[in-house]
Every structure is written in C-alpha cells, then in structure tokens.
Asks: 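My questions will all concern the structure given below.
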Amino acid sequence: MPEEIKKETIDNETAETKAEEIEIEGADEKNTSEAENTEKEVAAENTAKAETSDEEADDADPADKDEKKGLFKKKKKDKKDEQIEELNDRLKRQMAEFENFRKRTEKEKTQMFDMGAKTIIEKILPVVDNFERGLAAVSEDQKDDPFITGMDKIYKQMMAELDAVGVKPIDCIGQEFDPDFHNAVMQVENDELESGTVAQELQKGYMYKDTVVRHSMVSVVQ
C-alpha cells in the first residue's frame with residue numbers, strides 16, 4: 001500500500017476514535033446533567049409535598065382537631081374514672097367493714113353489760129328473799145303497823161325497778177318440771193297433780209331478759 005494512502009487511513013481512524021471519545025464524554029456530561037436535574041426535581045417535589053402537608057394541616061377542619069383532642073381527653077378521663085371507681089369500691093368496702101365492726105362492738109358491749117347486770121341482780125336477790133321472808137312472818141294484827149307498811153312499800157318499789165330492767169320471777173307451781181328453769185330438790189306425793197309436776201316452790205327463781213339468773217328451787221310430784 002502506498003504510504004500516503006496508509007497515512008490517510010490512520011488519520012481517519014484516529015479521527016473516528018476521537019469522535020467516539022467526544023461522543024462518550026458528551027453522553028457522560030448529559031447523563032450527569034440529567035441526574036442533577038432529576039435530583040433537583042425530586043428535592044423540589046418533596047419540598048412542595050411538605051409545604052402542601054403543612055398547608056393541609058393548617059387548613060384541617062377544626063372539628064377533626066377537636067375530635068382528636070376529645071379522644072385524647074377521653075382516654076385520660078377513662079383512666080380517672082377507673083381510679084374514681086377503685087376509690088369508691090375501696091370506700092364502700094371500708095364502710096362495710098366499719099359497719100360490721102360497729103355491730104360487733106355493740107353486741108360485745110351489750111353482752112358485757114348484761115353480764116354485769118346479771119352479777120348485780122344475783123347479789124340483790126338474797127335481799128329480796130329476806131324482804132319476802134320478813135313480810136311473810138308478820139302477823140295479821142301487825143300489818144297496819146307504820147314500820148311494816150313502810151317495809152312493804154320499799155319491797156314493792158324494789159320489785160318494780162327490777163321488773164323495769166327486765167328481771168321477772170319464774171312461774172313454776174303447777175307447771176311441768178323443766179330443768180332449764182327449775183331445780184328439783186325433793187319429791188312429794190300429791191294425788192291432785194300429775195307426776196313430774198312442780199308441787200311447791202321452795203325458793204323463787206328469776207330471769208333477766210331471756211337468761212335465767214337463778215333457777216327456781218322446787219319439789220316435784222313423784
């Protein structure tokens with residue numbers, strides 16, 4: 001091949017290579033520019049969306065805001081209601097416990113009072129027995145004596161006071177023998193009364209309310 005033609009061919013190839021390099025550099029610059037433009041567009045779009053969201057939040061319906069606040073307050077209110085219900089339940093239980101304690105205390109006080117009253121009555125009954133024995137020993141011509149009359153009035157006053165506080169004598173003569181109220185000390189024969197019936201009262205028995213203070217000392221028909 002002639003050197004001129006060969007040189008021309010090499011120059012053409014070199015030119016083509018340079019052209020390709022220029023095209024590649026141009027494409028790279030174009031791609032870089034497009035990428036930068038895309039990033040700018042995305043950033044602008046995000047900024048626009050953020051501004052739109054802020055505007056929508058500012059332009060939101062006040063009713064919706066109030067509803068959200070209401071729901072938040074409702075949750076807080078429900079928690080307070082639970083605490084109130086818990087406190088009310090605790091208060092009711094404490095009041096019930098206190099009421100039971102009050103009733104139990106009153107019952108114990110009543111029982112203690114009754115025990116004390118029963119002890120005093122037991123000590124007074126022998127005095128009542130002596131009054132009855134003394135008045136029973138008075139003869140008919142001495143019953144109008146002022147001293148005897150005064151003692152009889154004192155005895156009746158004492159029995160009235162005992163009756164007012166709940167002390168009553170136990171009926172026994174002619175009644176069927178009952179060990180809960182009677183204390184049999186002897187047996188007698190009596191054709192007029194049935195067997196097991198109280199024939200005679202040797203010592204009067206007394207009850208205080210529903211409790212026997214002293215059993216009646218009696219004799220019972222065989």
Asks: Starting at CZ of F131, measure out to CE of M159 and round the result to the nearest 0.5 Å.
Replies: 11.0 Å
Asks: Within the structure provided, determine whether M95 and E99 are in side-chain contact (heavy-atom separation under 4.5 Å).
Replies: no
Asks: Closest approach of H182 and H215, non-hydrogen atoms and distance?
Replies: N-CD2, 4.0 Å
Asks: Give a yes or no on whether Y155 and F147 share a hydrophobic cluster (residues Ile, Leu, Val, Met, Phe, Trp, Tyr; joining criterion: side-chain heavy atoms under 4.5 Å apart).
Replies: yes
Asks: Hydrophobic cluster membership, with links at side-chain heavy-atom distances under 4.5 Å among I/L/V/M/F/W/Y: are V167 and V212 in one?
Replies: no
Asks: Other than L202, what residues sit in its cluster of Ile, Leu, Val, Met, Phe, Trp and Tyr side chains whose heavy atoms are under 4.5 Å apart, directly or through others?
Replies: V185, M186, V188, M217
Asks: Taking everything shown except E189 itself, do over 12 heavy atoms lie less than 6.0 Å from its CD?
Replies: no
Asks: Measure the spacing between CD of E176 and OG of S195 and express it to the nearest 0.5 Å.
Replies: 10.0 Å
Asks: With rounding to the nearest 0.5 Å, note down the distance linking CD1 in I121 to OH in Y206.
Replies: 11.0 Å
Asks: May I ask you to check whether over 12 heavy atoms, not counting those of Q222, lie within 6.0 Å of atom CD?
Replies: yes
Asks: Do the side chains of L125 and F181 join up, straight or via other hydrophobic residues, at under 4.5 Å, putting them in one cluster?
Replies: no
Asks: Short question: side chain of N88, backbone of I84 - any donor-acceptor pair under 3.5 Å?
Replies: yes
Asks: Do D163 and K168 come close enough that some side-chain heavy atom pair is under 4.5 Å?
Replies: yes
Asks: Under a 4.5 Å side-chain heavy-atom rule over Ile, Leu, Val, Met, Phe, Trp and Tyr, are V128 and I148 clustered together?
Replies: yes
Asks: Measuring only between side-chain heavy atoms, which start at C-beta, is V198 closer than 4.5 Å to L193?
Replies: no
Asks: For residues K109 and M112, determine if any side-chain heavy atom of one lies less than 4.5 Å from a side-chain heavy atom of the other.
Replies: no
Asks: Tell me, yes or no, whether the heavy-atom count around Q203 atom CD, taken from other residues, nucleotides or ligands under 6.0 Å, exceeds 12.
Replies: yes
Asks: At their closest point, which heavy atom of A199 faces which heavy atom of N190, and how far apart are they?
Replies: CB-ND2, 4.4 Å
Asks: Decide if atom CD of Q157 counts as having more than 12 heavy atoms of other residues, nucleotides or ligands within a radius under 6.0 Å.
Replies: no
Asks: Check this for me: D180, atom CG, are more than 12 non-hydrogen atoms of other residues, nucleotides or ligands nearer than 6.0 Å?
Replies: yes
Asks: If you look at every heavy atom in M158 and I124, which pair is closest and at what distance?
Replies: SD-CG2, 4.3 Å
Asks: Looking at D210, I want to see if its CG is surrounded by more than 12 non-hydrogen atoms of other residues, nucleotides or ligands under 6.0 Å.
Replies: no
Asks: Is any side-chain heavy atom of D129 closer than 4.5 Å to one of E132?
Replies: yes
Asks: Please assess E86 against R90 for the test salt bridge (Lys or Arg N to Asp or Glu O under 4.0 Å), listing each intermediate value before the final yes or no.
Replies: CA-CA 6 Å; E86 182 180 355; R90 188 183 303 174; 3.4 Å; yes
Asks: Nearest 0.5 Å, what's the CD-CG distance between E201 and D171?
Replies: 8.5 Å
Asks: Look only at the side chain of R214 and the backbone of K204, and say whether a donor-acceptor pair between them is shorter than 3.5 Å.
Replies: yes
Asks: Please determine if D114 and K118 form a salt bridge, counting it only when a charged side-chain N lies under 4.0 Å from a carboxylate O.
Replies: no
Asks: Do K123 and T119 make a side-chain contact, defined as non-hydrogen atoms from C-beta onward lying under 4.5 Å apart?
Replies: yes
Asks: Is it true that a side-chain atom of T149 and a backbone atom of D145 form a donor plus acceptor pair closer than 3.5 Å?
Replies: yes
Asks: What about M207 and V127, same hydrophobic cluster or not, with Ile/Leu/Val/Met/Phe/Trp/Tyr joined at side-chain heavy-atom distances under 4.5 Å?
Replies: no
Asks: For V220 and F177, work out which heavy atoms get closest and say how close.
Replies: CG2-CD1, 3.7 Å
Asks: Is there a side-chain contact between Q187 and V221 in this structure, where contact means two heavy atoms from C-beta onward sitting under 4.5 Å apart?
Replies: no
Asks: Between CG of N100 and OG1 of T105, what distance do you get to the nearest 0.5 Å?
Replies: 10.5 Å
Asks: Taking atom OG1 of T110 and atom CE of M115, what is their separation to the nearest 0.5 Å?
Replies: 13.0 Å
